[in-house]
Undergrad: 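Next up is a structure, given as structure tokens.
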Amino acid sequence: METEILYGEQTKLTARNMTFSDWRLKHFPEFIDAALNIKAACALANYRAGLLTEEKKDAIIAACKELRLGKYRNQFIVDVFHGGGGIGINMNFNEVIANKAGHDVHPVDDVNMSQSTSDFCHSAMRLALIYSTRSLKGVLRHMVETADIKMKEFEPYTTIARTCWQDGMQVSAGTIFEGFKETLEAMTDRFAKDIDDLHWVNMGYTVIGTGTGADPAYKREIEGALQDYLGLPMKMTKKPYVHAQYPVDLVTVSSDIKTISSILAKFAKDTRILSSGPEAGLHEWDIPAVQKGSSFFPGKVNPVIPEMMIQCDLLISGHDSIMQNALGMGEQHLNVWEELMGFLLLENVRWLRRATRQFDTRCVAGITLNEETIERNANASIPLVVAYKEEFGYEKLSDRIKKEGLKNVVASLRKRKAENRRK
């Protein structure tokens, strides 16, 4: 049982004065790992710059490595939504690392050497998103593979297309999956590219992009230290004032997440509708029954997994809207709402990863065709009329339907089709 308290007075004050959401740092393990790695890389850079002793450098790095172990998560207690542009977050890390390091390591003079809250939190958030989106990209690509399998499985069967909820022409049953697969794949590729852009960070530029307070020797060393310690192609931004004032990269990734979520929600809605019934709905698809569908209707299979996916999309949409608004609230030289944006985005990544995996494995992979229903629908009236449109012409066929009625025209066309087959 963990009893040691590693955080100090500044952390306690933040937790006491500004806890309202109960979204604590400890609930974001990717951010904790990223922040600890950034602090360790900064210690390495300060040592290489001749600003930090080898003993303190080793103690800080060792503390950061040990703190990444799960048993220390409860040391990170501040509410992530607090005033001051993330200062409580930074001090929580500085105090915990210093106390764990020992060797007279000071939380500000040593752990926070050459840094500010702004460039530390900014860089840690980008690294956290790089970490957290790795598994999401894998989940999305697996969903693309599932859709591809279903597309090929359904392709030989013919069904009816619908536009504006009205009957349309005949179409392959695989086209719903083809559209979903191609769109999700393209958006996942775009998302991966935008995540790559997060390797640009502003360490060394301190509060507003001037670099005031960071030793020139440290500035020369920090990029290489980040790359060496993290094993990632981290690069120092060429536009520090942009990074301080306009965290557009976060909003761009959020927009990607929202778009991907909307793609999945659209397909979830299609799944919900196409599996409706079984007798009074469309019932072209059957979906897996993962649990009792109703406490009232025996045997009912409700689309609980697609509905979960749709709810996830609604929540993600709300967070994305907040982020868009927060971008415009970054007055003058520093956007102090960046941490709000980042933690909402981390939560969206987490939600999308979990919901997509469930939707994929517990629903989409198990969808089957109701062949009898789709065959009947494919041979409905409107597809037959569409098939003869080019032969008779749109206006002529429309006038005939108006005069004779759709039912009579369709009967005549069916008779004509049967005669043509006999010939």
Side-chain angles (χ1 to χ4, degrees), residues 2 5-36 38-39 67 70 72-97 99 107-108 112 116-129 131-132 207 244-247 250-251 253-254 257-258 261 311-355:
E2 181 186 330
I5 300 298
L6 298 174
Y7 49 82
E9 186 62 23
Q10 296 306 311
T11 300
K12 292 176 184 177
L13 288 172
T14 299
R16 182 187 309 153
N17 293 330
M18 290 180 283
T19 294
F20 75 96
S21 76
D22 210 29
W23 285 32
R24 309 275 185 154
L25 266 179
K26 64 184 179 182
H27 298 143
F28 295 87
E30 295 97 342
F31 185 84
I32 291 175
D33 289 347
L36 291 168
I38 292 289
K39 288 293 186 184
L67 288 167
Y72 293 105
R73 293 287 185 240
N74 285 337
Q75 297 299 317
F76 300 99
I77 65 169
V78 300
D79 193 312
V80 297
F81 303 130
H82 63 264
I87 188 171
I89 293 170
N90 190 25
M91 288 307 300
N92 196 167
F93 280 101
N94 290 335
E95 290 177 345
V96 170
I97 293 168
N99 284 329
V108 177
N112 201 57
S116 75
T117 290
S118 300
D119 59 344
F120 162 69
C121 286
H122 173 101
S123 302
M125 185 58 71
R126 271 75 186 162
L127 184 57
L129 285 164
Y131 288 161
S132 67
V207 184
Q245 297 172 33
Y246 296 95
L250 295 185
V251 176
V253 172
S254 179
I257 292 288
K258 171 54 192 154
S261 175
Q311 289 183 83
C312 177
D313 175 61
L314 291 171
L315 291 166
I316 285 173
S317 179
H319 283 177
D320 179 65
S321 178
I322 293 170
M323 290 185 64
Q324 301 289 341
N325 291 332
L327 178 64
M329 292 183 68
E331 302 95 338
Q332 301 179 52
H333 295 94
L334 181 68
N335 191 316
V336 298
W337 316 109
E338 186 174 315
E339 282 64 53
L340 165 74
M341 299 164 69
F343 284 105
L344 290 178
L345 183 51
L346 281 173
E347 191 71 357
N348 277 359
V349 169
R350 187 186 313 181
W351 285 347
L352 187 63
R353 180 178 66 241
R354 292 172 177 174

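Treat the numbers as computed from the prediction; the structure is a model and nothing was measured.
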Undergrad: Which pairs count as salt bridge (Lys or Arg N to Asp or Glu O under 4.0 Å) when at least one residue sits in residues 323-340, sequence neighbours excluded?
TA: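 Matches after skipping sequence neighbours: Arg126-Glu338.
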Undergrad: Who pairs with Ser132 by side chain to side chain donor-acceptor pair (under 3.5 Å), at least two apart in sequence or on another chain?
TA: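 None.
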Undergrad: Is there a donor in the side chain of Asn90 and an acceptor in the side chain of Thr117, or the other way round, less than 3.5 Å apart?
TA: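 There is such a pair between these side chains.
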Undergrad: Taking only residues two or more places apart in sequence or in another chain, which ones pass side-chain contact (heavy atoms from CB on, under 4.5 Å) with Leu13?
TA: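 Result, side-chain contact (heavy atoms from CB on, under 4.5 Å) vs Leu13: Glu9, Gln10, Arg16, Asn17.
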Undergrad: With sequence neighbours excluded, give me every side-chain hydrogen bond (donor to acceptor under 3.5 Å, both in side chains) pair touching residues 342-353.
TA: His319-Asn348, Glu347-Trp351
Undergrad: Kindly write out the residues that satisfy side-chain contact (heavy atoms from CB on, under 4.5 Å) with Ser317, not counting sequence neighbours, or none if the list is empty.
TA: Lys258
Undergrad: For Ile87, look at atom CD1 and say whether over 12 heavy atoms of other residues, nucleotides or ligands are found less than 6.0 Å away.
TA: no
Undergrad: Once side chain to side chain donor-acceptor pair (under 3.5 Å) is applied, do any residues pair with Trp337, and if so which ones, sequence neighbours excluded?
TA: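 For Trp337, no residue satisfies side chain to side chain donor-acceptor pair (under 3.5 Å) once neighbours in sequence are set aside.
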Undergrad: What residues, two or more places apart in sequence or in another chain, satisfy side chain to side chain donor-acceptor pair (under 3.5 Å) together with Gln245?
TA: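 Counting only residues at least two positions away or on another chain, Gln245 forms no side chain to side chain donor-acceptor pair (under 3.5 Å).
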Undergrad: If we ignore hydrogens and angles and just use 3.5 Å, is the side chain of Asn94 paired with the main-chain N or O of Val108 as donor and acceptor?
TA: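 A pair under 3.5 Å: no.
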Undergrad: OH of Tyr7 to CD of Gln75: how many Å apart, nearest 0.5 Å?
TA: 6.5 Å
Undergrad: Mind checking side-chain contact (heavy atoms from CB on, under 4.5 Å) for Asn99 and listing every partner two or more places apart, or none if nothing turns up?
TA: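 Expected list: Leu6.
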Undergrad: Quick one: does Asn335's side chain have a donor or acceptor within less than 3.5 Å of a partner on Gly85's backbone?
TA: no
Undergrad: Taking ring pair (Phe, Tyr, Trp, His ring centres under 6.0 Å) as the test, write out the residues that go with Tyr246, two or more places apart.
TA: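 Residues passing ring pair (Phe, Tyr, Trp, His ring centres under 6.0 Å) with Tyr246: none at all.
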Undergrad: About how many Å separate CG of Leu344 and CD1 of Ile257, when rounded to the nearest 0.5 Å?
TA: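 The distance works out to 13.0 Å.
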Undergrad: Kindly write out the residues that satisfy side-chain contact (heavy atoms from CB on, under 4.5 Å) with Val251, not counting sequence neighbours, or none if the list is empty.
TA: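 In terms of side-chain contact (heavy atoms from CB on, under 4.5 Å), with neighbours along the sequence ignored, Val251 is linked to Ser255, Gln324, Leu327, Met341.
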Undergrad: List in chain and number order the residues that pass side chain to side chain donor-acceptor pair (under 3.5 Å) with Thr14, two or more places apart in sequence or in another chain; answer none if no residue qualifies.
TA: none
Undergrad: Using the ring of Phe120 (Phe, Tyr or Trp, six-membered ring only), decide whether Lys39 places NZ or CZ under 6.0 Å from its centre and within 45 degrees of its axis.
TA: yes
Undergrad: If the condition is ring pair (Phe, Tyr, Trp, His ring centres under 6.0 Å), which residues does Phe28 pass it with, not counting sequence neighbours?
TA: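 Partners of Phe28 under the ring pair (Phe, Tyr, Trp, His ring centres under 6.0 Å) test: Phe343.
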Undergrad: Could you grab the distance from atom CD1 of Ile89 to atom SG of Cys121, nearest 0.5 Å is fine?
TA: 5.0 Å
